[in-house]
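Just so you know, these numbers come straight off a predicted model, no measurement behind them. Whatever order the structure lists them in is the order used to number ligands and atoms, beginning at 1.
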Amino acid sequence: MKIGVTGATGQLGRLVVELLKQKVAIGNIVALVRTPEKASDMGVKVRTFDYSKPESLVASLQGIEKLLLISSNEIGQRLPQHKAVIEAAKQAGVKHIVYTSILHADSSPLGLAQEHLGTELAIKASGLVYTILRNGWYTENYTGSAKGAIGAGAFIGNAGDGKIASAARVDYAEAAAVVLAGEGHENKTYELAGDEAYTLTELAVEISRQTGKTIPYNNLTETQYVDILKSFGLPAGVAKMLADSDTGASKGGLFDDTKKISALIGRPTTPLAKVLADALAQ
Ligand SMILES: NC(=O)c1ccc[n+]([C@@H]2O[C@H](COP(=O)([O-])OP(=O)(O)OC[C@H]3O[C@@H](n4cnc5c(N)ncnc54)[C@H](OP(=O)(O)O)[C@@H]3O)[C@@H](O)[C@H]2O)c1
């Protein structure tokens, strides 16, 4: 059975393809990518696939039976882009679509959830067999700021005491590979989060423990955090999205204790301490 992976040159997509290679025949994997040159090292078939070019999508999906639609990173453009892929999948005869959504998409306080929920509804309306992977936060979203926090002397955010049940990107990638390579996931929606949950205060304690420096967590208001992120050079839209996500986290939007990833992948999710140590070693 041919399996297509969109966004295969992205960070998650590359991991999914690598893990799929261990589970299915390499000849059955097709990387669907916006820039084929970026995929020349992947060792699988590559086809051009740009969510913003609907006219080319059906041809690129010929023969694909299972499709992983990795959500686009073009926030604000995602719903029309994803709808174009869903429509093309239907026309091309794809049997089963797997989509990377967001944790608790139908009740999430995060603004990011809107495009994901719209995509989920479009998938269900299409009549295609589906599996929705409601991915929680990548631990790397926070550990990527650890070095900056050490330089500044504090970790900042506005997530308050919200518990964050994140997992490493590779954990979500493995869950996707298990679903793509296996059976029994038809028309299911999985809430996917890490085994371990922590507050940003607890993250700062772990950074302090690993570095031997005292790095406190300074909780800001959403407005203060937006302003600081903008002063670092982040575009206003990205700064607002990050602060809105922290506000959502403060309301429990990134917490889930069902441990579905570890159930799917048959091992615990990667501990925060390990993802942090890797980030600090880079
Ligand atoms: N759960 C979380 O914490 C979290 C965090 C960040 C993002 N996300 C979501 O999860 C997705 C995957 O995460 P990631 O870490 O792999 O992100 P990433 O490294 O930014 O990869 C995004 C992928 O989407 C592709 N893409 C963007 N626009 C496209 C278009 N018009 N047509 C075709 N492909 C397009 C990119 O292609 P190129 O390689 O050509 O650029 C890239 O391969 C993100 O896109 C975002 O929706 C989730």
Tell me if the NZ atom of K240 is crowded by more than 12 foreign heavy atoms within 6.0 Å.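 Not more than 12 within 6.0 Å, no.
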
Any chance the side chains of [X] and [Y] put a donor and an acceptor closer than 3.5 Å?
X: Q77; Y: S52; result: no
X: D161; Y: T199; result: no
X: D227; Y: Y225; result: no

Using every non-hydrogen atom in the two residues, find where A177 and L20 come nearest and quote the distance to one decimal.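 Nearest heavy atoms, A177 then L20: O-CD2, 3.9 Å.
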
For ligand 1, list the protein residues that place a heavy atom within a distance below 4.0 Å of one of its atoms, sorted by chain and number.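 Residues G7, T9, G10, Q11, L12, R34, T35, K38, F49, D50, Y51, S52, I70, S71, S72, N73, E74, R78, Q81, G136, W137, Y138, N141, R169 each place a heavy atom under 4.0 Å from ligand 1, listed by chain and number.
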
Six-ring centre of Y190, K260 cation under 6.0 angstrom, axis tolerance 45°: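 Yes, K260 sits over the ring of Y190.
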
